[in-house]
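Reading through the structure tokens given below for one structure.
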Amino acid sequence: MSDSKKYSDSGIEIKTLYTANDMQPGDQEQPGEYPFTRGVQPDMYRGKLWTMRQYAGFSTAEESNKRYHYLLSQGVNGLSVAFDLPTQIGYDSDHPLAEGEVGKVGVAIDSIEDIQALFRGIKLEEVSTSMTINATGFILLGFYVALAKEQGADLKKISGTIQNDILKEYAARGTDIYPPKPSMRIITDIFEWCGEEIPKWNTISISGYHIREAGSTAVQEIAFTLSNGKAYVEAATKKGLDINVFGRRLSFFFNAHNDLFEEIAKFRAARRMWARMMKDLGATDPRAMMLRFHTQTGGSTLTAQQPLNNISRVTVQTLAAVLGGTQSLHTNGYDEALSLPTEEAARIALRTQQIIAFESGAAGTVDPLAGSYFIETLTREVEDAAWKLIAKIDSMGGSVAAIEEGFIQNEIAKSAYEHQRAVETGEKIIVGVNRFQVTGEDTIPVLKVNDSIRAVQIDKIAALKAGRNHAKCDQLLQLLNDKATSGENIMPTVVEAVENKCTLGEIADTLREVFGEYK
């Protein structure tokens, strides 16, 4: 056996053997109790399995609706909506900058009519919906609430999440519109309005997923994500909102990678850290200290080479999320390094969750790896390393300042470079990529979105505008401008505007006039 040192993906040294000497004395923590290292529920999956979601959305709302009905028929119990790039950055499909992107990486949503088509035959009161949307999250929430009202749903019962995490867009992803300060103001408007109108809605999903996809380590993923969470909490409390009220509706979104034990340790450490952070920020209600999170398996770990190997990768990542105590999970299709997932790939991804839930025994007891010398030590080491990074960010004035200085972006870039260097030198083995390659691989079917989708959307927008009350739309867009300028909460006007057939692009442009764009 080699004596050479081994390290986790975050650079933490992994010893050959862990014993009782590695453990630290302390109270025996219980699941469902502060600081929630072992889980946010006393019985975890014995009481209720995680929500099984499949992230889907492509082409038109009508096409995506067919996929949602298929997934629901196959046992999905929560929908997760992917939006195309124009929707994400506030352009209607007929905008010149939308050309070539309509319906490509998600579904195109321009108006209330698209949302009606997207959820046709689906009662919003009976399904939990997660929407991966940030800069325009407030508009998509407006569409969703308008449709729920149209369906006669009790708004106190509708549940779901908008991602609504703009800080990670500046740091890692880039689908931002407005500068940080007005963006934070929109987010606190959402916190305030949802607390009164749709209390079961998760108002933000503070996302480490995209930070990890951009190349961060596991330690950086939780450090940067929790720092962003702290910034949102501070902004909301500064506005006078009650941390014990809005704190209960904060949720998180993490990545699951292939380093099984480090990923499990990461999830356990993140819960403990957030509980302590919220307590320090003034929370007294334990429910406001709970870190509840959705997980998606790692998109950047999928390989175009030998794509069927990705089924094994996703299985490892699913186990990491479940053993780490996730509340909700999306599993990637094996073909996603090549295209949007086909129906077959989406079904296999869902079946991976179902096999682990019902056949593996992993859901049978709470936090099954607790007490492992290795897991407990690694949880502590991941936590210690993350606290050091958070202290550095705090010394700069917090996440917003650290992003504006480029610190977080630079740290992610350095980690991405180190990972790529290790792959190219062969120090890091990626099966089928730099070792165990094959020649003449079989091709697999891929899903392609036709460019004609844009013409379909343009026709729909033209018909919508021809049949609406233009004077009413102009009046509401002016009112939105006034409220954005005065500092009043914009959400009631956004909902009224979409009900009166104002488009996503018109609402986003109205606020561009007030707030400007982030450069």
Side-chain angles (χ1 to χ4, degrees), residues 18-20 22-23 26-54 71-72 74-78 80 128 130 159 218 222 251-272 274-275 286-287 290-298 311-332 347-380 382-383:
Y18 290 81
T19 69
D22 293 295
M23 304 292 275
D27 295 332
Q28 178 62 46
E29 292 179 359
Q30 293 298 314
E33 295 178 13
Y34 178 89
F36 308 108
T37 311
R38 299 198 61 195
V40 293
Q41 300 296 338
D43 58 355
M44 285 303 287
Y45 306 134
R46 287 285 285 263
K48 180 180 182 289
L49 285 173
W50 63 93
T51 301
M52 296 183 195
R53 299 187 187 277
Q54 282 307 108
L71 290 170
L72 288 166
Q74 294 300 307
V76 154
N77 49 15
S80 187
S128 164
S130 171
S159 65
I222 58 169
S251 65
F252 288 80
F253 175 26
F254 289 121
N255 209 313
H257 268 227
N258 292 327
D259 190 336
L260 178 67
F261 297 110
E262 183 175 60
E263 293 299 292
I264 296 165
K266 175 189 80 179
F267 297 132
R268 299 174 88 247
R271 268 195 299 272
R272 187 155 71 201
W274 183 245
R287 287 171 297 175
M290 290 178 180
L291 183 145
R292 297 167 301 113
F293 67 98
H294 170 71
T295 309
Q296 182 174 339
T297 55
I311 297 172
S312 300
R313 292 186 177 99
V314 169
T315 303
V316 170
Q317 294 161 10
T318 302
L319 266 174
V322 170
L323 295 174
T326 193
Q327 276 60 67
S328 160
L329 179 60
H330 160 75
T331 33
N332 290 331
R347 184 177 66 248
I348 291 171
L350 174 61
R351 295 290 181 256
T352 302
Q353 293 198 51
Q354 291 166 333
I355 288 166
I356 285 175
F358 300 110
E359 296 185 27
S360 75
T365 189
V366 180
D367 193 21
L369 295 184
S372 153
Y373 302 144
F374 179 34
I375 284 293
E376 296 294 356
T377 304
L378 193 54
T379 300
R380 188 176 67 248
V382 166
E383 180 182 2

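Below, all heavy atoms of this structure are taken into account, side chains as well, without hydrogens, waters or symmetry copies.
The 12-atom threshold is exceeded at CZ of Arg351, counting heavy atoms of other residues, nucleotides or ligands nearer than 6.0 Å.
Of the inter-residue distances, the one linking Thr315 atom OG1 with Leu260 atom CG reads 11.5 Å to the nearest 0.5 angstrom. Note that the CD atom of Gln41 and the NZ atom of Lys48 stand 9.0 Å from one another [nearest 0.5 Å]. Here Thr379 contributes atom OG1 and Leu369 contributes atom CG; the two are 9.5 Å apart, rounded to the nearest 0.5 Å. A distance of 9.5 Å separates CG of Leu378 from CD1 of Ile264, quoted to the nearest 0.5 Å. Within the model, atoms OG1 of Thr326 and CH2 of Trp50 stand 9.0 Å from one another, a figure rounded to the nearest 0.5 Å. For the atom pair CD (Gln74) and CZ (Arg347), the distance works out to 6.5 Å, reported to the nearest 0.5 Å.
The ring pair (Phe, Tyr, Trp, His ring centres under 6.0 Å) check on Phe267 picks up Phe293, with sequence neighbours excluded. Qualifying side-chain contact (heavy atoms from CB on, under 4.5 Å) partners for Arg287, counting only residues two or more places apart in sequence or in other chains: Arg248, Asp285, Met290. For Ala349, the side-chain contact (heavy atoms from CB on, under 4.5 Å) criterion is met by Gln54, Thr331, not counting sequence neighbours. Under the side-chain contact (heavy atoms from CB on, under 4.5 Å) criterion, Pro286 pairs with Phe36, sequence neighbours left out. In this structure Glu33 satisfies the side-chain hydrogen bond (donor to acceptor under 3.5 Å, both in side chains) test with no other residue, sequence neighbours excluded. For Tyr373, there are no ring pair (Phe, Tyr, Trp, His ring centres under 6.0 Å) partners, not counting sequence neighbours. Applying the side-chain hydrogen bond (donor to acceptor under 3.5 Å, both in side chains) rule to Gln30 yields no partners; only residues at least two apart in sequence or on another chain are considered. Residues passing the side-chain contact (heavy atoms from CB on, under 4.5 Å) test with Asp22, sequence neighbours excluded: Lys15, Tyr18, Thr19, Thr377. Contacts of Asn332 classified as side-chain hydrogen bond (donor to acceptor under 3.5 Å, both in side chains), with partners at least two apart in sequence or in another chain: Gln296, Thr297, His330.
When all heavy atoms are compared, the tightest approach of Thr295 to Phe253 is C-CE1, 4.3 Å. Of all heavy-atom pairs between Met23 and Ser372, the closest is SD-O, 4.3 Å. Of all heavy-atom pairs spanning Leu323 and Pro368, the tightest one is CD2-CG, 3.5 Å. Nearest heavy-atom pair, Val322 versus Tyr45, reported as atom, atom and distance to 0.1 Å: O-CE1, 3.4 Å.
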Worked verdict on Arg271 versus Val40 for side-chain contact (heavy atoms from CB on, under 4.5 Å): CA-CA 8 Å; Arg271 268 195 299 272; Val40 293; 4.0 Å; yes

Go through the steps to decide whether Ile222 and Phe254 satisfy the test side-chain contact (heavy atoms from CB on, under 4.5 Å), and finish with yes or no. CA-CA 8 Å; Ile222 58 169; Phe254 289 121; 3.9 Å; yes

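Residues His294 and Ser130 have side chains not in contact (no heavy-atom distance under 4.5 Å, counting atoms from C-beta outward). Between Val366 and Pro31 the shortest side-chain heavy-atom distance falls below 4.5 Å.
Checked by atom type and distance alone, the side chain of Asn77 pairs as donor or acceptor with a backbone atom of Met52 at under 3.5 Å. For Gln317 (side chain) and Gly298 (main-chain N/O), a donor-acceptor pair under 3.5 Å exists by modelled atom type.
A salt bridge (charged side-chain N to carboxylate O under 4.0 Å, His left out) check over residues 251-267, counting only residues at least two apart or in different chains, returns the pairs Arg212-Glu263, Glu221-Lys266, Glu263-Lys266. A salt bridge (charged side-chain N to carboxylate O under 4.0 Å, His left out) check over residues 368-377, counting only residues at least two apart or in different chains, returns the pairs Arg268-Glu376.
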Would you tabulate the side-chain donor-acceptor contacts of residues 356-364 under 3.5 Å, counting partners in other chains and residues two or more places apart, or write 'none'?
| unit_1 | atom_1 | unit_2 | atom_2 | d |
| --- | --- | --- | --- | --- |
| Ser360 | OG | Ile356 | O | 2.6 |
| Ser360 | OG | Ala362 | N | 3.0 |

